[in-house]
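The first residue of the sequence shown is numbered 1, and numbering continues consecutively from there.
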Amino acid sequence: MTPPRPTLIADAAIDLIADTGLRGLTHRAVDEASGLPAGSTSNLARTRAALLELVLTRIVERETADYPVFTEGPPPAVPARDLLAEVGAEALFQALTTGRRLTLARLELALEATRRPELRAVYDRLGARFAELAAALLARAGSTDPTADARRLIRWCDGLLFNATAGSGHWYVPMPEELRGEVTRYLSALLDGEF
């Protein structure tokens with residue numbers, strides 16, 4: 001089954017950004033990459049700002065599609081801290097491997113958001129969803145200040161993703177076991193008050 005046109009356009013735009021950066025992102029290039037008739041992208045997203053918002057929204061949708069939600073309902077069978085370490089390591093590994101193109105595109109858009117207030121607003125609004133999920137999971141894991149701890153955890157994760165995708169460590173992708181160990185150590189420092 002063919003995905004809906006907005007999905008085709010957004011996914012083609014993500015691939016363009018991952019391959020060429022934002023300089024390669026034009027309405028015409030997205031039409032060509034998606035295999036849609038000329039003008040399809042501009043009919044959906046008339047301005048560059050609208051196209052960037054469409055792309056960022058799709059990135060978040062794809063990144064969170066498989067996220068388990070453990071913030072409500074009965075507690076899981078494993079301790080919340082262990083579960084958070086497992087989910088965090090898995091999400092990071094996915095972002096560095098099968099989701100690497102999404103990560104590259106998101107990093108490009110994050111930098112662009114520093115120059116475009118309208119994109120900054122979208123980026124911050126969508127990013128708040130990650131912060132809320134992280135805070136809820138950290139509260140279950142025993143955090144006494146889940147909102148602040150969520151900000152710390154996200155900063156650490158963003159730093160790891162940047163380093164292993166575009167930074168000085170771009171050549172090395174940590175394996176799941178290594179990531180799980182790092183996340184576990186970071187959570188211990190965070191939740192046991194060693195900061």
Margin query: Does any part of the side chain of Leu16, heavy atoms only, come nearer than 4.5 Å to the side chain of Thr26, both counted from C-beta?
Written below: no
Margin query: Do the side chains of Glu132 and Arg129 get close enough for a salt bridge, i.e. N-O under 4.0 angstrom?
Written below: no
Notebook entry, point to check: Between His27 and Ala38, is there a donor-acceptor pair closer than 3.5 Å when you use the side chain of the first and the backbone of the second?
Noted result: no
Check: Would you call Glu53-Arg125 a salt bridge at under 4.0 Å N-O?
Finding: yes
Notebook entry, point to check: Between CG of Leu187 and CZ of Arg81, what distance do you get to the nearest 0.5 Å?
Noted result: 7.0 Å
Item checked: Leu153 side, atom CG; Arg155 side, atom CZ - distance, nearest 0.5 Å -> 10.0 Å
Check: Which atoms form the tightest heavy-atom contact between Ala85 and Val183, and what is the distance?
Finding: CA-CG1, 3.6 Å
Item checked: Check: Ala95 main-chain N/O paired with Thr103 side-chain donor or acceptor under 3.5 Å -> yes
Notebook entry, point to check: Is any side-chain N of the basic residue among Arg180 and Glu90 closer than 4.0 Å to the acidic one's carboxylate O?
Noted result: no
What side-chain donor-acceptor pairs closer than 3.5 Å can you find for residues 167-176, not counting sequence neighbours?
{"residue": "Ser168", "atom": "OG", "partner": "Asn163", "partner atom": "ND2", "Å": "3.3"}
{"residue": "Trp171", "atom": "NE1", "partner": "Ser168", "partner atom": "O", "Å": "3.1"}
{"residue": "Tyr172", "atom": "OH", "partner": "Glu178", "partner atom": "OE1", "Å": "2.4"}

Next item on the list: State, with a plain yes or no, whether a side-chain heavy atom of Leu109 is found less than 4.5 Å away from one of Leu22.
Entry: yes
Next item on the list: Check Gly24 against Ala29 and note the closest heavy-atom contact, atom names and distance.
Entry: O-CB, 3.6 Å
Checklist line | Common cluster, Leu104/Val60, ILVMFWY with side-chain heavy-atom separation under 4.5 Å | finding: no
Notebook entry, point to check: According to the ring pair (Phe, Tyr, Trp, His ring centres under 6.0 Å) rule, which pairs have a member within residues 81-116, sequence neighbours left out?
Noted result: none
Next item on the list: Answer yes if Leu107 and Leu126 sit in the same cluster of Ile, Leu, Val, Met, Phe, Trp and Tyr residues linked by side chain heavy atoms under 4.5 Å apart, and no otherwise.
Entry: no
Next item on the list: Calculate, to the nearest 0.5 Å, the distance between atoms OG1 and CG belonging to Thr144 and Leu138 respectively.
Entry: 10.5 Å
Next item on the list: Begin from the C-alpha positions of Val30 and Leu25 and carry the test side-chain contact (heavy atoms from CB on, under 4.5 Å) through to its verdict.
Entry: CA-CA 7 Å; Val30 175; Leu25 183 69; 3.6 Å; yes
Note to self: Between Arg101 and Asp15 (side chain of the first, backbone of the second, donor and acceptor by atom type, cut-off under 3.5 Å), is there such a pair?
What the structure shows: yes
Notebook entry, point to check: How far does CD of Glu86 sit from OG1 of Thr184, to the nearest 0.5 angstrom?
Noted result: 8.5 Å
Item checked: Between Ser40 and Asp31: side-chain donor-acceptor atoms closer than 3.5 Å -> no
Note to self: Salt bridge check, Asp145 against Arg151: does any charged N sit closer than 4.0 Å to a carboxylate O?
What the structure shows: no
Margin query: Looking at every heavy atom in both Ala135 and Ala150, which two are closest together, and how far apart are they?
Written below: N-CB, 3.6 Å
Next item on the list: For side-chain contact (heavy atoms from CB on, under 4.5 Å), just list the numbers for Glu112 and Tyr123, CA-CA rounded to whole Å, side-chain angles, deciding distance to a tenth of an Å, and then say yes or no.
Entry: CA-CA 10 Å; Glu112 186 67 12; Tyr123 197 94; over 6 Å; no
Checklist line | For the student: nearest non-hydrogen atoms of Ala10 and Leu54, plus distance | finding: CB-CG, 4.0 Å
Notebook entry, point to check: Okay, side chain of Thr20, backbone of Ile17: is any donor-acceptor separation there less than 3.5 Å?
Noted result: no
Note to self: As an exercise, state the distance from CG of Leu44 to CD1 of Ile9, rounded to the nearest 0.5 Å.
What the structure shows: 4.5 Å
Item checked: Heavy atoms from other residues, nucleotides or ligands near CZ of Arg120 exceed 12 (cutoff 6.0 Å) -> yes
Notebook entry, point to check: Which atom pair, heavy atoms only, marks the closest approach of Asp149 to Ser143?
Noted result: OD2-OG, 2.5 Å
Note to self: Could you tell me if the side chain of Leu36 sits less than 4.5 Å from the side chain of Thr41, heavy atoms only?
What the structure shows: no
Next item on the list: Return yes if some donor-acceptor pair links the side-chain N/O of Thr165 with the main-chain N/O of Phe162 below 3.5 Å, else return no.
Entry: no
Item checked: Residue pair Leu56 / Glu61, side-chain heavy-atom distance below 4.5 Å -> no
Notebook entry, point to check: Can you name the closest pair of heavy atoms from Leu96 and Arg100 and give their distance?
Noted result: O-NH1, 3.5 Å
Item checked: Close side-chain approach of Leu161 and Arg106, heavy atoms under 4.5 Å -> yes
Checklist line | Minimum side-chain heavy-atom gap Leu83-Arg140 below 4.5 Å | finding: no
Margin query: The test is side-chain contact (heavy atoms from CB on, under 4.5 Å); show your working for Val122 and Leu52 and say whether it passes.
Written below: CA-CA 9 Å; Val122 173; Leu52 294 175; over 6 Å; no
Notebook entry, point to check: Can you find a pair of side-chain heavy atoms, one from Pro6 and one from Arg58, that are under 4.5 Å apart?
Noted result: no
Margin query: Working note: Cys157 + Leu92, criterion side-chain contact (heavy atoms from CB on, under 4.5 Å); need CA distance, chi angles, decisive distance, verdict.
Written below: CA-CA 8 Å; Cys157 290; Leu92 287 167; 4.0 Å; yes
